[in-house]
Amino acid sequence: MRLKGARVLLECLMREEVETIFGFPGGAVIDIYNELPEYPFQHILARHEQGAVHAADGYARASGRVGVVLATSGPGATNTITGVATAYMDSTPLVVLTGQVPTQLIGNDAFQEVDMVGISRPCTKHNYLVKEVESLPKVIKEAFYLARSGRPGPVVVDLPKDVMNAEMEFYYPKHVRTRSYNPHIEPNSKQIKKAVEYICQAKRPLIFGGGGVVTSNSHEELTRLSRELQIPVTTSMMGLGAFPGNDPLWLGMLGMHGTYTANMAVNHADLLIAVGVRFDDRVTGKLDTFAPNAQIIHIDIDPTSIRKNVAVDVPIVSDCRLALQALLQELEEKVEASELARQYQSWREKVEEWSRTHPLTYTKSEDAVMPQQVVEKLDELTQGEAIITTEVGQNQMWAAQHYRFLHPRTWISSGGLGTMGYGFPAAIGAQVAYPDKLVIDVAGDGSIQMNIQELATAVCYNLPVKVVILNNTYLGMVRQWQDLFYNKNYCSTCLEYSPDFVKLAQAYGAEGYKVTRPGELDDVLRQALFSPNTAIVEVVVPQEENVYPMVPAGAPLNEMLLV
Amino acid sequence: MRHTLSVWVEDEPGVLSRVAGLFSGRGFNIESLNVAPTLERGVSLMTIVTAGEEQIIEQIVKQLRKLVTVIKVVDMNHTDCVDREMVLIKVNAQDSYRAEILRIVDIFRCKVIDVSHAEMTLEATGDRGKISALISLLQRFGIKEIARTGSVAMRRSLQAET
């Protein structure tokens, strides 16, 4: 079957079982768009390429599938970069297809030309410039394989216009053959044995899960490990949902805005079982004093994550799920679980005491709606069954702290890169993946305006995404830092002017609501959440409420500011 | 500490920028970098001399291995190896200096590959120590120009018992 490049590309996507493409057309990809109606893909036309990538990212995180993006050359390609970097930092599998000027013009500063392979190199797992149509099937096959295998990540494929018009005899390779890339996935049995020894000797063990638990679908194994041996669990922000938030062994997340209990537990533990984490600075605080009493077992599929920031006693380079399965099996053969559970008894009591004496807290008000209260209300109304996406800043931290995540892939937030404007398009992507689920973007008045144009996308495709804007008229997290560490010098953080979000929603054809008093919260949220339409709920919250606890950047975890 | 890394890579466009970008992006330093084809079609060998503490070197090696176009990485410091670099040195060679320079050429087993009334260009190979010694000896005559290849390294056939 002789096909031109554009069709070859789409045939390849069919064979990768792609169902949805998030995109935005332009001159360099017009040949691909020209063939698109012939194929059964659902194409979601975003209003900005960054929105398209975040949507694909949200789709990928919610569903576990590879997200696919199609954008044009030049500005279309550069607009994807923030999205690509976001996906790279959080290990989201994406294939981003960008148009390119014809090969004979490359390097000539042609119209809408940019060196996409050069620009995207440091924020992709790998990238390709396809120079001959004959190599296209192999490249697409590799791109999907790389994106989803090992530690997943975004792969960019740059497609010159003439290659999309050149013809070839179509074939699709069955296997990927690279002599270089071979992600290590099986755990070393010696290391598993050693880990079990450490677990048996421990008196104060703590499980610390991360995004890798979610990515590798090993939440069941992690939960089993915790429950069988009665070991308390904390996670990084990226790991929320990897362990049920209503379990008595759950301590809340750790780190800069982690719970008192989780941070104290890390400080006092004598064994840290770290699974699918990379010891980011927001998690560790001051490195020298991180987990000062603990030996560390570190399971991660990426060898570079191990010993990058902290010294590790038992490194296990492996897929988290396979490693946890091996660990559980070894434990089953070697030890009596109930005996170990007894051995950790007094430690659990200590941890429970911290939880009792220092729960997450905030001061309620008669007149004002507190932002924490909004998240708690969302939790109550949805019973932890919604998919929550967030923007970045205070809204993100309050959502992380006060919503009880029960399932993996229900927490979708830009962790590593901290991208404002991520949450709303990501919610659109998650809603595309799960049309029947309730998807809520917890937003701030600052970050929602970074990709608000996607309201048109949500309304256009009848996606009933809900956006809850916690409006404090500030770029709240930066203001909080200015408040605490910069002498209240609120330079450029006050958003004195914002649009009327209710009218804005209505102008786009969505529903708009506004809450100003605590008594209105329940009713309005119910109305919005259970409406079949896209809805924005603006909640006016106190201007200077801070997120606590807080570990100042570079301080040890046990030096938390509590109020 | 200084480490010599042998890095076998796919010989394709952009591979050098992937490796160089990794070093600059992550704040690792490169003392020298040499790239050339190997006997195997499509495979090039890069020899990278870098310096850092053990943990940094471990990160460099792991990060290099993570690049899709990198086939194999060997830290030559973990093996018995030989390493050499070549240097071309253009040195002032007025009549009064000539005899002395030629004596040094003889001692260091280098070659004179170009000569004029006032200058000589020397070619020398050796390990880092030898090249440095040669340069410092020639400095008093006035070195006008210098071009070095950076190290290339190879595992010795017989490895010492460890």
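Every chain is numbered from 1 and lettered A, B, ... according to where its sequence line falls, protein lines coming before strand lines. Worth knowing before you read on, the calculation uses all heavy atoms, side chains too, and leaves out hydrogens, waters and symmetry mates.
- In this structure, N108(A) places its CG atom where more than 12 heavy-atom neighbours from other residues, nucleotides or ligands lie under 6.0 Å away.
- Looking at S216(A) and R321(A), their side chains never bring a donor and an acceptor atom within 3.5 Å of each other.
- Side-chain atoms of N309(A) come within 3.5 Å of backbone atoms of F279(A) as a donor-acceptor pair (strictly under, hydrogens ignored).
- S116(B) places a side-chain N or O within 3.5 Å of a backbone atom of E119(B) that can act as its donor or acceptor partner.
- If you measure heavy-atom distances from I306(A) to chain B, the contacts under 4.5 Å come from both the backbone and the side chain.
- Heavy-atom pairs under 4.5 Å with chain A were tallied for K62(B), E12(B), Q55(B); the largest tally goes to K62(B).
- Residue L22(B) touches chain A through its backbone alone, counting heavy-atom pairs closer than 4.5 Å.
- Interface remark: E58(B) contributes side-chain atoms only to the contact with chain A (heavy atom separation under 4.5 Å).
- Residue R121(A) touches chain B through its side chain alone, counting heavy-atom pairs closer than 4.5 Å.
- Between R278(A) and D300(A) there is no salt bridge, since none of the side-chain N atoms of the basic residue sits less than 4.0 Å from a carboxylate O of the acidic one.
- With a 4.5 angstrom heavy-atom cutoff, D302(A) touches chain B only via side-chain atoms.
- No part of P122(A) comes within reach of chain B, as not one of its non-hydrogen atoms sits under 4.5 angstrom from that chain.
- Few gaps surround NZ on K308(A); more than 12 heavy atoms of other groups in view lie less than 6.0 Å from it.
- Classification of R18(B) and E10(B) as a salt-bridged pair fails, no side-chain N sitting under 4.0 Å from a carboxylate O.
- Residue contact with chain B, scored on non-hydrogen atoms closer than 4.5 Å, is absent for D115(A).
- Of the atoms belonging to V70(B), it is backbone heavy atoms, and not side-chain ones, that fall under 4.5 Å from chain A.
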